[in-house]
Number of protein chains: 4
Amino acid sequence: MEAALKVFARRGIIGTKMSMIASEAGVSTGLLYRYFDSKDKLFTTLVQQAMDESIVGIKSIYQLPGSPLDKIKMLTTEILNEGSQLYFMLMHHARTSDEVPITAKKLIEENTMKTYIDILEPLFIEGQKEGELAADPPCELISCYLSLLSGLMTLNIQGDENYQMPKVDLLLRFIIRSSS
Amino acid sequence: MEAALKVFARRGIIGTKMSMIASEAGVSTGLLYRYFDSKDKLFTTLVQQAMDESIVGIKSIYQLPGSPLDKIKMLTTEILNEGSQLYFMLMHHARTSDEVPITAKKLIEENTMKTYIDILEPLFIEGQKEGELAADPPCELISCYLSLLSGLMTLNIQGDENYQMPKVDLLLRFIIRSSS
Amino acid sequence: MEAALKVFARRGIIGTKMSMIASEAGVSTGLLYRYFDSKDKLFTTLVQQAMDESIVGIKSIYQLPGSPLDKIKMLTTEILNEGSQLYFMLMHHARTSDEVPITAKKLIEENTMKTYIDILEPLFIEGQKEGELAADPPCELISCYLSLLSGLMTLNIQGDENYQMPKVDLLLRFIIRSSS
Amino acid sequence: MEAALKVFARRGIIGTKMSMIASEAGVSTGLLYRYFDSKDKLFTTLVQQAMDESIVGIKSIYQLPGSPLDKIKMLTTEILNEGSQLYFMLMHHARTSDEVPITAKKLIEENTMKTYIDILEPLFIEGQKEGELAADPPCELISCYLSLLSGLMTLNIQGDENYQMPKVDLLLRFIIRSSS
DNA sequence: TATGAATGAGTCTTCATTCAT
DNA sequence: TATGAATGAAGACTCATTCAT
C-alpha cells in the first residue's frame with residue numbers, strides 16, 4: 001500500500017490526489033482512509049520511513065567487503081541503481097514544499113546531514129589514512145558527496161533522456177585521491 | 001512582474017496560487033489577468049524565458065578569458081553564485097510535474113541537453129587537446145557535468161544548513177585530467 | 001437492539017452514524033443491516049414505536065386511582081421521571097429535521113395532538129365539573145399542557161445544570177383552578 | 001448574511017449544508033468563505049450573537065413600564081411573538097449536539113442560567129413584595145419559568161398545527177400569586 | 001489601469017451500505 | 001448469524017478566473 005510513495009515522490013504532496021494513490025494501489029479512495037488518517041499523515045509516514053531506511057542503508061556500508069573505497073563504490077552503485085530514487089524525490093518534496101505537515105517538517109529537522117556524516121566519518125578517515133581518498137576535511141568531503149548524490153537522484157533522471165546519470169567511476173573522482 | 005518566478009520556482013505550479021504571485025508582486029489578483037491570460041500561460045512564459053536565458057548564459061562562456069578550464073571554472077562559479085538558482089528550480093518543476101501545461105512540456109522537449117552539448121563540445125574538445133580536461137568522451141563529460149550541476153542547483157541548498165554546496169574546485173575534479 | 005433509540009434521541013438522524021448504534025448495541029455495523037433495511041427504516045420504526053407507546057401511556061391514565069387531578073398529577077410525575085425523555089427527544093428530531101424519511105413524516109402527520117386531546121378530553125371535562133381544573137376550554141387546556149410538557153422534556157434538562165425541571169406541583173398550576 | 005441563522009436554527013449544525021445557507025442568502029457557496037472561515041466558525045459566531053442579544057433582551061425588561069408583573073408579561077409576550085424563536089432553536093442545537101465546535105461549547109458553559117437569574121432576581125423579589133408574584137424561592141421561580149419558555153420556543157411550534165402556543169395569561173399562572 | 005467580490009469546478013474526507021468470509 | 005473490509009456518493013472547503021466598479 002505504501003506504493004503511494006510512487007505518486008508522492010513524482011508529484012509532491014499537493015500534486016498528489018488521494019484518488020491517484022487509490023487507483024495506483026488498485027483500491028477505492030475511501031479505503032485509503034481505513035489505513036491512513038489523512039493525506040498528511042500518509043505523507044508523514046512515508047517521510048519517516050524514508051529516513052529510517054536511508055539510515056539503515058547508509059549503515060549497511062560497514063557490512064560490505066573490501067577497502068573503504070570499495071565499500072563506498074558499492075554503496076554508491078546500489079543507491080544509483082536501486083529504488084532509492086523515490087526516497088530521494090520524496091525527501092526533496094518534503095524539504096522544499098511549504099504545504100508539508102509540520103510533523104513531517106519536524107522529522108526532517110531532526111534528521112540532518114549530520115546524522116549521515118557521523119555514520120560515514122570513520123570510514124572516510126580510514127580511507128584517507130590508507131591513501132585512497134582525497135585529503136579534504138572528511139566532513140566536507142562527505143557532505144559534498146552526499147549533496148551531489150542527492151541532487152542527481154532528485155533530478156529523476158531515468159525516463160528523461162536529456163540528463164545522463166554519471167557512471168560510478170566518474171562520480172568517485174570527487175573523493176578519490178588523485179594519483180600523485 | 002516576472003518575480004512570479006520566485007514563487008513558481010519555490011512552490012511549483014500547483015503549490016503556487018495566483019494570489020501569492022500577486023502579493024509578491026504587490027498588485028491585486030485581478031490585475032495579473034490583464035498581463036497574463038492564465039496561470040498556465042504565465043508559467044509557460046517563464047519556462048520559455050528560463051530556457052532562452054540559459055542558452056545565452058552558456059554561450060557567454062566563449063566571451064570569458066583564459067584557457068578552456070578557466071572558462072569552465074568561471075561559468076560554474078557564476079552559475080553557483082548567481083540567481084540562476086531559481087531557473088534551475090523552475091525547470092525541475094517543469095520537468096517533473098504532471099500538471100505542467102502541454103505547451104510548456106513541448107518547449108522542454110525541444111530544448112534538450114543536446115542543445116547545451118552542441119554549444120560546449122568545441123570548448124571541451126579544445127580543453128582535452130590542451131591536456132586540461134579528462135579524456136572521457138566529451139558528450140558524456142558535458143552531459144554528466146551539467147547533470148551534476150542541475151542536481152545541486154535543484155536541491156535549493158541555500159537556506160538548508162543540512163546540505164553543503166561543494167566548492168568549485170571540488171566540482172571541477174570531475175572533469176579535470178588527474179595529474180599523471 | 002432498539003437501544004439505538006438512545007443514540008437517535010440524543011443526536012438526531014443525521015448526527016447518528018450507524019457505527020454509533022452498532023457500538024452502543026455491542027454488535028458490528030454489518031449486523032445492523034440484517035435486522036433493519038436501512039438507517040431510515042430504523043428511524044421510522046422507532047418513531048412508530050414511540051407514538052404507539054405514547055398513546056398507550058396516555059390512555060393508561062384512566063387506570064390510575066383518585067380524582068381527575070390526582071390522575072393527571074400521577075401521569076405527569078411519571079412522564080417527568082421515567083425514560084420517556086428519549087421518546088420526546090426522538091419525536092422532536094422527527095418533527096423538526098428535514099432529513100427525516102417521508103414515511104416517518106407521514107406517520108407524524110397522522111398522529112396529531114388531536115389524538116391526545118380526544119383521549120384526555122373526558123377526563124379534563126370531569127375535572128372541571130368537579131371544580132378541580134381551570135375553566136378554560138378543555139381543548140386549549142390540554143393542548144397547552146402537553147406543549148409545556150413536550151417542551152420541557154425536549155430540552156433534555158438532565159445533565160444540564162443550567163435548566164431546572166419544575167416540580168410537578170408548580171406545573172399543575174397551569175391547569176388547577178385557582179382557589180377562589 | 002446572518003440569515004444563516006434561519007437554516008442552522010431549523011436544521012442544526014450537521015443538518016445544515018453550506019450550500020443551503022448560500023442559497024438561502026442568495027449567494028454562491030464559495031462566497032460564504034470570504035466572510036466566514038468555516039461552518040464551525042459561522043455557527044459559533046451565531047451562538048455568540050444569540051447569547052449577547054438574549055442578555056440585552058432580558059435586561060431591557062427594566063425599561064418596560066408598569067408593575068413587575070406587567071413587565072414580565074410584556075417581555076414574555078415579546079419573546080413569544082418575536083423572532084427570538086430562532087435563537088432558542090439555535091441554542092438548543094448548540095446545547096444538545098455533540099458536533100458543536102468546542103469554542104461554541106465553551107461560550108455556552110460560560111453563559112449559564114445563572115446569568116439570567118441574576119438579572120431578573122431583583123424584579124421578581126420586588127414583585128413578591130408587592131404581592132403580585134408567587135412566594136416560591138425567586139431563583140427557582142425564575143429558573144423554572146425560563147425553562148418553560150425555552151422548551152416552548154424550542155419546539156418550533158409555529159408551522160406545526162399540532163402544538164398550540166399557550167396564551168400569555170395562561171403561562172403567567174405559573175408565577176402569579178394565586179388569588180387568596 | 002486597478003481592485004477585490006463573486007462564482008463554481010475540483011479535491012479531501014466521511015459514512016451508509018454491501019459483500020466476501 | 002456475525003464481521004469488518006471495501007465502495008462511492010455527498011459535503012466542506014479552496015482557488016483560478018471573471019467582472020462590476
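It should be emphasised that the depicted structure is a prediction, and the values quoted were computed from it without experimental measurement. Below, chains carry the letters A, B, ... as their sequence lines are ordered, and counting in each starts from 1.
- If you measure from atom CD of B:Glu99 to atom C1' of F:dC15, you get 15 Å, rounded to the nearest angstrom.
- Protein atom CG of D:Leu31 is 16 Å distant from nucleotide atom P of F:dA12, rounded to whole Å.
- Closest to the side chain of C:Ser28, from the set E:dA6, F:dT3, E:dT3, is F:dT3.
- With a 3.5 Å ceiling on both atom-pair distances, the Watson-Crick or G-U wobble partner of E:dT21 is F:dA2.
- Across F:dA16, E:dT13, E:dT3, the shortest atom-to-atom separation from the side chain of B:Tyr33 is found for F:dA16.
- Checking E:dG8 for Watson-Crick or G-U wobble geometry (two distances, each under 3.5 Å) identifies F:dC15 as its partner.
- For D:Lys17, the side-chain atoms get nearest to F:dG11 when compared with the rest of E:dA2, F:dG11, F:dT3.
- Salt-bridge formation is not detected for the pair B:Asp98/A:Arg10: no Lys NZ or Arg NE/NH1/NH2 atom is positioned less than 4.0 Å from an Asp or Glu carboxylate oxygen.
- Ranked by how close their nearest DNA chain F nucleotide is to the 5' end, B:Asp37 and D:Asp40 are led by D:Asp40.
- Sequence order on DNA chain E of the closest nucleotides to B:Arg34 and A:Thr29 puts B:Arg34 first from the 5' end.
- Side-chain atoms of C:His92 come within 3.5 Å of backbone N or O of D:Thr154 as a donor-acceptor pair.
- Taking every side-chain heavy atom of A:Tyr35 into account, F:dA6 is the closest of F:dG11, E:dT3, F:dA6.
- Within the 4.5 Å cutoff, the side chain of B:Tyr35 has no heavy atoms near those of the B:Leu42 side chain.
- Separating the CZ atom of D:Phe36 from the P atom of F:dC13 is a distance of 13 Å, rounded to the nearest angstrom.
- In this structure, D:Ile13 places its CD1 atom 10 Å from P of F:dA12, rounding to the nearest Å.
- For the pair B:Glu24 (side chain) and B:Val7 (backbone), a donor-acceptor distance under 3.5 Å is absent.
- If you measure from atom CG of C:Leu32 to atom P of E:dT18, you get 12 Å, rounded to the nearest angstrom.
- What separates CE of B:Met20 from C1' of F:dT14 is a distance of 11 Å, to the nearest Å.
- The NZ atom of C:Lys41 sits 14 Å away from the C1' atom of E:dT17 (whole-angstrom rounding).
- Along DNA chain E, the nucleotide nearest B:Gly30 and the nucleotide nearest A:Thr16 are compared for position; the residue whose nucleotide lies closer to the 5' end is B:Gly30.
- The distance from atom CG of C:Asp98 to atom P of F:dG11 is 14 Å, rounded to the nearest whole Å.
- With E:dT7, E:dA2, F:dC13 as the candidates, the nucleotide lying closest to the side chain of D:Ser38 is F:dC13.
- Which of E:dT17, E:dT7, F:dA16 sits closest to the side chain of B:Met18 comes down to F:dA16.
- Heavy-atom minimum distance, D:Val100 versus D:His93: CG2-O, 3.9 Å.
- Set against F:dA6, E:dC12, E:dC15, the side chain of A:Lys39 has E:dC12 as its closest nucleotide.
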